[in-house]
Amino acid sequence: MVKVRFAPSPTGYLHVGGARTALFNWLYARNQGGTFVLRIEDTDQERSTQESIDQIVEAMTWLGLDWDEYYRQTDRTDVHLEAAKSLLENGSAYEQDGAWWFKVPAGETVVHDLLAGDVTFNHDQIKDFVIRRSDGTFVYNFVVVIDDADMEITHVIRGDDHLTNTPKQIMLYRALGRKPPKFAHLPMILGPDRTRLSKRHGVTSVLEYRRRGFLPEAMVNFFARLGWSHGDQEVFTRDELVKLFSLKRTGSSAAIFDEEKLRWLNQQHMKLADPSRLVDLVRPFVIESGQVTEEMWNAAGDERLTLSAELLRHRCHTLIDLASMMLVLFPVEIEVEDEIALDDRQKEIIASICDGFSQALSFSHSDVERLLHAMLAEQGAKLKDVAHAIRVTTTGRAVGPGLYNILSVIGSEIVVARLRDLIRR
RNA sequence: GGUCCCGUCGUCUAGUGGCCUAGGAUAUCGGGCUCUCAUCCCGGCGACAGGGGUUCGAAUCCCCUCGGGACCGCCA
């Protein structure tokens, strides 16, 4: 039975490196039908905050990484103390200046890593280390071993910044008479300058990506492909990842976080998403614009919103892009990106189109097409003569979906209002 | 500095001795489609860090060099 854990320290938000580690643990557990534990490593009293815990939980929940068991390390102090005492008693540890130190024995330790292979560490290079601070609290390298052993974690999957800690931990397992778990050290995620990813590389907070309009399934897909692969496939649903995931298919070299590919992947998942879910997801972004009220949103009509989301999602990479495009559906003053000046002839044509539109009983894609062409024929004009002016006036932009489609979802009332406004100017 | 890990197109990767004049994706450039843009389709550019071996044959195995990263804390 597989049991894995993700063990973040609550000293800040969940960053993309941590999320990737969490995901690989979660995928492994779900693929194997095992157990996934979330364990908050809050033994650093100075820097741990409840706010960080809340943020981590929220980010994990957003990504859909659900856990089967939850612990806080500081809740387990009694267990840690018991174990530390036993090390003192059996001579594996000693007290000095109020702190308890683990005595590193002579010899060497081989880490049998599932990803890195066998890595040998000579104990000459490893100094005695503190397991219990003089203030009575315990340090990471110690509690991680006690907890992993106690919770019967079978596989420790974590970033390879922990690889050189591993021999210390294996020594502790031995001194405690416990069997070490299997280890798999994941390559790190680096910034574009190939150094450890940090805040100076821009956005590293998972929840920040939510704010920037990314879909959780796109993030999950992207993180999975940082290190793991399955042939030539790039786009995976969550279920596919669970089904296909394997540590054997995981590489061992560091990867750079490339937002361009994430943006592309986000678009792929927006195209895969159920349109009505997309509407639900984009809603807060539209409201956040400040131009559309809850009432206006509710009055817009689900069908219109769904149709427009389907129409527009091919043209955007994030929910923010989609939200800004959907603004044109509402009776708001739209920002026109380039000024349209009509000659008298064009005014005449558009006025006639407005007349046609305003009498329409229904305004479907084919209604718009029929009406538009009827009016153009009457005026002896071509679509090309006024298409650009109509598009820019009704949507604010020179580019967008097919004209019939976009006019149809905007609706005759708003379309006519915007066009008449143009003629008057 | 010591120890350890890593090194295929700009980026993510496929590749586990012959299927590789190295495949896919992204980005980028060009073409097609379209009222426009996007999607989509077609095509171009673009990599085995370097040097030695081993072998009939090496991106793949070995050694050295170089480059990058991590750890070396009473942080995790």
Side-chain angles (χ1 to χ4, degrees), chain A residues 7-12 18 40-48 73 96-101 111 113 115-117 119-127 129-144 158-168 185 187-197 222 224-235 249 251-265 267-268 270-271 311-317 321 325 372 382-392 395 397-404 406:
Chain A
S9 68
T11 53
I40 304 294
E41 311 237 315
D42 56 349
T43 50
D44 181 354
Q45 310 264 20
E46 291 284 307
R47 299 193 303 145
S48 297
Q73 236 160 16
Q96 188 183 329
D97 300 334
W100 297 4
W101 296 73
V111 178
D113 193 273
L115 262 30
V119 186
T120 304
F121 294 87
N122 194 310
H123 292 6
D124 297 350
Q125 304 297 328
I126 304 172
K127 292 180 274 191
F129 54 93
V130 168
I131 56 174
R132 182 178 186 259
R133 300 185 186 94
S134 42
D135 69 0
T137 60
F138 295 92
V139 303
Y140 164 78
N141 269 320
F142 177 70
V143 284
V144 74
R158 76 227 304 193
D160 73 6
D161 48 337
H162 287 286
L163 183 57
T164 49
N165 282 322
T166 309
K168 294 181 190 173
H185 286 94
M188 308 215 67
I189 299 179
L190 272 22
D193 60 354
R194 293 208 163 271
T195 63
R196 189 181 183 133
L197 200 62
F222 180 71
R225 283 289 288 106
L226 250 31
W228 176 84
S229 64
H230 182 259
D232 286 341
Q233 190 173 347
E234 295 287 348
V235 181
R249 299 290 319 160
S252 52
S253 60
I256 291 173
F257 189 93
D258 177 27
E259 202 171 296
E260 281 304 324
K261 189 145 183 185
L262 171 60
R263 289 172 61 77
W264 172 79
L265 213 40
Q267 181 179 51
Q268 299 304 307
M270 284 177 77
K271 285 161 64 176
L311 208 55
L312 294 165
R313 61 177 163 180
H314 300 283
R315 291 167 180 77
C316 47
H317 289 95
D321 299 341
M325 291 179 189
L372 199 50
K382 290 208 156 68
L383 180 61
K384 251 187 139 132
D385 300 335
V386 288
H388 181 70
I390 294 177
R391 172 183 298 288
V392 173
T395 69
R397 300 184 196 200
V399 300
L403 198 57
Y404 315 139
I406 191 69

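In what follows, chains carry the letters A, B, and so on, assigned in the order in which the sequence lines appear, proteins first and then strands, with residues in each chain numbered from 1.
One atom, CG of A/Asp160, and another, C1' of B/U3, lie 14 Å apart when rounded to the nearest Å. Rounded to an integer number of Å, the gap from NE2 of A/His230 to C1' of B/U13 is 14 Å. Protein atom NZ of A/Lys168 is 12 Å distant from nucleotide atom P of B/C75, rounded to whole Å. Taking atom NZ on A/Lys261 and atom C1' on B/U26, their separation rounds to 5 Å, with Å as the unit. Look at CD1 on A/Ile131: it is 14 Å from P on B/C75, rounded to the nearest Å. For the pair A/Arg133 CZ and B/C75 C1', the interatomic distance rounds to 7 Å; values are reported in whole Å. Atom P of nucleotide B/C12 and atom CE of A/Met188 are separated by 15 Å, given to the nearest angstrom. Atom CG in A/Asn165 sits roughly 10 Å away from atom P in B/G73 (whole-Å rounding).
For the salt bridge (Lys or Arg N to Asp or Glu O under 4.0 Å) test, no residue two or more places apart in sequence or in another chain qualifies with A/Glu260. In this structure A/Arg47 satisfies the salt bridge (Lys or Arg N to Asp or Glu O under 4.0 Å) test together with A/Asp44, sequence neighbours excluded.
Across B/G44 and B/G51, the matching C1' atoms stand 33 Å from one another, rounded to whole Å. Taking atom P in both B/G53 and B/C45, the straight-line distance is 33 Å, to the nearest Å. B/G24 and B/G43 have their C1' atoms separated by 16 Å, given to the nearest Å. When the P atom is compared between B/C5 and B/A22, the two are found 32 Å apart, to the nearest whole Å. The separation of B/U60 from B/U8, taken at their P atoms, amounts to 12 Å, rounded to a whole angstrom. Annotation: B/C41 and B/G18 have their C1' atoms spaced 35 Å apart (nearest Å). Taking the C1' atoms as reference points, B/A49 lies 16 Å from B/G10, given to the whole Å. Taking the C1' atoms as reference points, B/A14 lies 33 Å from B/U3, given to the whole Å.
Across all strands shown, B/A59 remains unpaired; no Watson-Crick or G-U wobble contact has both distances below 3.5 Å. Pairing of B/U36, defined by two Watson-Crick or G-U wobble distances under 3.5 Å, is not identified with any nucleotide. Using N1 to N3 plus N6-O4 or O6-N4 for Watson-Crick, or N1-O2 and O6-N3 for G-U wobble, each under 3.5 Å, B/A49 pairs with B/U65. Using Watson-Crick or G-U wobble geometry with both donor-acceptor distances under 3.5 Å, B/U54 finds no partner in any strand shown. B/C9 is unpaired under the criterion used here, namely a Watson-Crick or G-U wobble arrangement in which both key atom distances are under 3.5 Å. In this structure, B/A14 makes no Watson-Crick or G-U wobble pair, since no nucleotide meets both defining distances under 3.5 angstrom. Under the Watson-Crick or G-U wobble criterion, with both distances below 3.5 Å, B/A70 is paired with B/U3. Pairing for B/G30 is with B/C42, a Watson-Crick or G-U wobble pair whose two hydrogen-bonding atom distances lie under 3.5 Å.
Checked by atom type, the side-chain pair A/Thr137/A/Arg133 shows a donor-acceptor distance below 3.5 Å. In this model, a donor atom of one side chain and an acceptor atom of the other lie less than 3.5 Å apart for A/Arg158 and A/Thr166.
With distances taken from any side-chain atom of A/Asp161 to the nucleotides B/A25, B/C71, B/U3, the minimum falls on B/C71. Of the candidates B/C72, B/G23, B/C37, B/C37 carries the atom nearest the A/Val399 side chain, counting heavy atoms from C-beta on. When distances run from any side-chain atom of A/Leu163 to the nucleotides B/A76, B/C74, B/C4, the shortest one goes to B/C4. Distances were taken from every side-chain heavy atom of A/Trp264 (C-beta onward) to each of B/C72, B/A27, B/A76; the shortest belongs to B/A27. Closest contact between the side chain of A/Leu190 and the listed nucleotides B/U11, B/A27, B/G69 involves B/G69. Checking B/G10, B/G73, B/C74 against the side-chain heavy atoms of A/Asp258 singles out B/G10 as nearest. Distance from the side chain of A/Lys384 is smallest to B/C35 among B/C35, B/C12, B/A76. The side chain of A/Arg225 lies closest to B/G24 when the candidates are B/G24, B/U36, B/G68.
Closest-nucleotide positions on RNA chain B for A/Tyr404 and A/Ile256 were compared, and the one nearer the 5' end corresponds to A/Ile256. Both A/Gly402 and A/Leu226 lie close to RNA chain B; mapped to their nearest nucleotides by heavy-atom distance, the more 5′-ward contact belongs to A/Leu226.
Contact annotation: A/Ser229 reaches the phosphate of B/A14 (side-chain N/O to OP1 or OP2, under 4.0 Å).
Between A/Pro401 and A/Leu312, the shortest heavy-atom contact is CG-CD2, 3.6 Å. Residues A/Val130 and A/Val139 share a closest heavy-atom pair of O-CG2, 2.9 Å. Of all non-hydrogen atoms in A/Thr43 and A/Phe138, the two that sit nearest each other are CB-O, 3.4 Å. For the pair A/Arg315 and A/Met325, the tightest heavy-atom approach, listed with the atom from each and the gap, is O-CE, 3.1 Å.
For B/C74, its base never sits under 3.5 Å from the side chain of A/Arg132 at any donor and acceptor pair. For B/C6, the base has no donor-acceptor partner in the side chain of A/Ser252 [N/O atoms by modelled type, under 3.5 angstrom]. Judged by atom type and distance alone, A/Gln233 does not reach the base of B/G24 through any side-chain donor-acceptor pair under 3.5 Å.
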